[in-house]
Colleague: 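Quick one: the structure is below, questions incoming.
Since the structure is predicted, the reported quantities are computational estimates derived from the model, not experimental observations. Basis for what follows: all heavy atoms, side chains included, without hydrogens, waters or symmetry-related copies. The first residue of the sequence shown is numbered 1, and numbering continues consecutively from there.
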Amino acid sequence: MAALLAARGLQTSDQWIVERTGIRARHFADDGVNSSDLALHASLAALQAAGRVAQDIDLIIVATSTPDMIFPSTACILQHKLGIAGCAAFDVQAVCSGFVYALAVADAMIKTGSARCALVVGSEVFSRILDFNDRTTCVLFGDGAGAVVLEASNEPGILATDLHADGRHVGILCTPGTVAGGQVLGDPLLKMDGQAVFKLAVQVLDSAARAVLEKAGRSTDDVDWLIPHQANIRIMQSTAKKLKLPLDKLIATLDEHGNTSAASVPLALDVAVRSGRVKRGDTVMLEGVGGGFTWGAVLLDF
Ligand code: UT7
């Protein structure tokens, strides 16, 4: 990775990236491939794994900060690409907490009877908003998508959810530009105060984990797998240690994907399920944290 960036004149090294983050590889979508295309791929795989077809879906939520268009939502574009029409479809914008937010919203809609079979997707093309002159951010992020199908059932499923935001920290992780009058106003590339984000992330991932366990009436001993947002292996390991979870219960896939923002948790879940680690009946803790500042946790029996 570093060699390609060095060719662009950036002072970095594979050793720095691996030691400071745990990231060894990442993927960038080809030109013309958008979040909805990655979302379609992940959705078809999720539908197949769930033994469902697109026509069974009555709710689509896409978590993304890199939508295809300002509007309509990537969820509507995905719906059309799935060849269905009529069901509710919308995007959730909570940056790297997006998938956890989307899952909590889908869970609430199912539990209140507004939906029966939801497709919940995290999909991002962060390569499009990276500043390749900023070595503190451009080495971290990648593109990807992951999806789950969530259905009404008498058995959990999702045991508890816990979501938070603190807008006082808008500036520590943002893409501040916007479009107005036919022009890009402000800087449309990602900005991050890495150390500020790091410190907050370690703090809130611990508090959200404890809060969701308390809501569910469970303890850390009940957790079979911790799947946190895949931003930095040091943050992830510190979260596991604070919770006194052995590191072999931590699912880490950022070495192969980098930080894929809202896609990171469902991508890691997918890898963990398909590799046979997460099995039916296991108790899984999902955690998101990112721009906003946003954070949250979902505890579920798989
Ligand atoms: O997805 C949303 C959530 N995001 C996160 O959770 C990210 C949280 N933050 C982090 O993961 C870490 O803060 C980073 C990986 C972004 C940075 O790691 P760090 O250990 O906090 O490094 P640092 O910012 O303290 O920088 C240490 C040194 C600096 O050099 P000096 O001032 O010590 O000479 C940086 O300029 O590392 C330098 N540096 C680099 N060197 C080589 C920063 N980026 C690079 C780079 N290659 N890519």
Side-chain angles (χ1 to χ4, degrees), residues 27 29 33 35-64 74-75 77-84 87-89 91-92 98-107 109-111 115-124 142-159 161 223-230 249-254 256-257 260-288 298-302:
H27 305 271
V33 174
S35 285
S36 67
D37 299 304
L38 301 184
L40 176 65
H41 191 80
S43 298
L44 293 175
L47 285 166
Q48 189 180 37
R52 295 289 176 268
V53 293
Q55 287 69 21
D56 295 324
I57 298 298
D58 62 1
L59 170 66
I60 300 174
I61 309 181
V62 176
T64 187
T74 302
I77 300 168
L78 173 63
Q79 185 200 53
H80 182 58
K81 287 183 175 172
L82 283 167
I84 56 176
C87 72
D91 288 359
V92 161
F99 182 76
V100 163
Y101 263 66
L103 205 53
V105 171
D107 177 54
M109 289 182 70
I110 286 175
K111 283 182 176 149
R116 188 188 38 78
C117 186
L119 177 64
V120 186
V121 190
S123 188
E124 302 281 16
D143 302 341
V148 300
V149 175
L150 194 67
E151 259 189 314
S153 164
N154 290 329
E155 292 170 28
I158 292 182
L159 303 165
T161 64
V223 177
D224 294 305
W225 299 104
L226 174 64
I227 310 186
H229 172 47
Q230 313 275 312
K249 291 189 171 187
L250 174 68
I251 302 288
T253 58
L254 81 167
E256 21 177 337
H257 299 137
T260 57
S261 191
S264 89
V265 169
L267 258 177
L269 176 64
D270 184 73
V271 170
V273 171
R274 289 180 197 273
S275 66
R277 277 177 288 171
V278 172
K279 292 184 277 302
R280 200 154 277 296
D282 285 354
T283 300
V284 182
M285 166 100 66
L286 309 178
E287 290 206 272
V298 172
L299 190 71
L300 58 94
D301 280 344
F302 189 72

Colleague: Any chance NE2 of His80 has more than 12 other-residue heavy atoms, nucleotides or ligands included, within less than 6.0 Å?
Modeller: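 No, the 6.0 Å shell around NE2 holds no more than 12 heavy atoms from other groups.
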Colleague: As an exercise, state the distance from OG of Ser153 to CD of Glu155, rounded to the nearest 0.5 Å.
Modeller: 5.5 Å
Colleague: For residues Ala147 and Pro266, report the shortest heavy-atom separation together with the two atoms involved.
Modeller: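 Shortest heavy-atom separation between Ala147 and Pro266 comes out as N-CB, 3.9 Å.
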Colleague: Going by heavy atoms in the side chains, are Lys81 and Asp37 under 4.5 Å from each other?
Modeller: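 Yes, close enough: below the 4.5 Å cut-off.
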Colleague: Rounded to the nearest 0.5 Å, how far apart are OG1 of Thr260 and CG of Leu254?
Modeller: 9.5 Å
Colleague: What are the two closest non-hydrogen atoms of Val100 and Glu287, and how far apart are they?
Modeller: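 Taking every non-hydrogen atom into account, CG2-C, 3.9 Å.
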Colleague: To the nearest 0.5 Å, what is the distance between CD1 (Ile60) and CG (Asp91)?
Modeller: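 Separation between the atoms: 10.5 Å.
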Colleague: I'd like to check Leu44 versus Leu82 (side-chain heavy atoms, cut-off strictly below 4.5 Å). Are they in contact?
Modeller: yes
Colleague: For Ala268 versus Thr253, what's the shortest heavy-atom pair and its separation?
Modeller: CB-OG1, 3.4 Å
Colleague: Which pair of non-hydrogen atoms, one from Leu38 and one from Gly144, has the smallest distance, and what is that distance?
Modeller: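 Residues Leu38 and Gly144, closest heavy atoms: CD1-N, 3.7 Å.
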Colleague: For Ala263 and Gly146, which heavy atoms make the closest approach, and how far apart are they?
Modeller: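 Minimum heavy-atom contact is CB-N, 4.4 Å.
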Colleague: Is the backbone N or O of Ser36 less than 3.5 Å from a side-chain atom of Ser123, with the two atoms forming a donor-acceptor pair by type?
Modeller: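 No, the answer is negative, given that no donor and acceptor are paired below the 3.5 Å cut-off.
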Colleague: How many angstroms lie between CE in Met285 and CG in Leu226, if you round to the nearest 0.5 Å?
Modeller: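 So the gap between those two atoms works out to 6.5 Å.
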Colleague: Can you tell me how far the CG atom of Leu159 sits from the CG atom of Asp301, to the nearest 0.5 Å?
Modeller: 4.5 Å
Colleague: Report yes if some heavy atom in the side chain of Ser43 is under 4.5 Å from a heavy atom in the side chain of Leu78; otherwise report no.
Modeller: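 Of all side-chain heavy-atom pairs linking Leu78 with Ser43, at least one is under 4.5 Å.
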Colleague: Run the numbers on Leu269 and Trp225 for side chain to side chain contact (heavy atoms under 4.5 Å, CB included), then give the verdict.
Modeller: CA-CA 10 Å; Leu269 176 64; Trp225 299 104; over 6 Å; no
Colleague: CG of Leu267 to CD of Gln230: how many Å apart, nearest 0.5 Å?
Modeller: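 Reported to 0.5 Å precision, the distance equals 8.5 Å.
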Colleague: Is there a side chain to side chain contact (heavy atoms under 4.5 Å, CB included) between Leu103 and Thr161 once you walk through the steps?
Modeller: CA-CA 9 Å; Leu103 205 53; Thr161 64; over 6 Å; no
Colleague: Using the side-chain contact (heavy atoms from CB on, under 4.5 Å) definition, which of the options Val265, Leu250, Ile251 pairs with Pro228?
Modeller: Leu250
Colleague: Run the side chain to side chain contact (heavy atoms under 4.5 Å, CB included) check on Phe302 and Asp224 step by step: do they pass?
Modeller: CA-CA 10 Å; Phe302 189 72; Asp224 294 305; over 6 Å; no
Colleague: Could you check if a side-chain atom of Val62 sits within less than 4.5 angstrom of a side-chain atom of Ile77, using non-hydrogen atoms only?
Modeller: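 Not in contact.
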Colleague: Might you point out which heavy atoms bring Leu150 and Ile110 nearest each other, and give the distance in Å?
Modeller: O-CD1, 3.2 Å
Colleague: May I ask you to test the Cys117-Asp58 pair for a side-chain heavy-atom distance under 4.5 Å?
Modeller: yes
Colleague: Quick check: do Glu256 and Val271 have side-chain heavy atoms less than 4.5 Å from each other?
Modeller: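 Glu256 vs Val271: side chains touch.
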Colleague: Are any non-hydrogen side-chain atoms of His27 and His257 less than 4.5 angstrom apart?
Modeller: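 Sidechains of His257 and His27: in contact.
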Colleague: Should we count CD of Gln48 as having more than 12 external heavy atoms under 6.0 Å?
Modeller: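 For Gln48, atom CD is not crowded (no more than 12 foreign heavy atoms under 6.0 Å).
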Colleague: For the residue pair Leu286 and Leu300, establish whether any side-chain heavy-atom pair is separated by less than 4.5 Å.
Modeller: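 In contact.
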Colleague: Could you tell me whether the side chain of Arg116 and the main chain of Asp56 form a donor-acceptor pair under 3.5 Å?
Modeller: yes
Colleague: Determine, stepwise, if the pair Val120 / Val105 fulfils side chain to side chain contact (heavy atoms under 4.5 Å, CB included).
Modeller: CA-CA 10 Å; Val120 186; Val105 171; over 6 Å; no
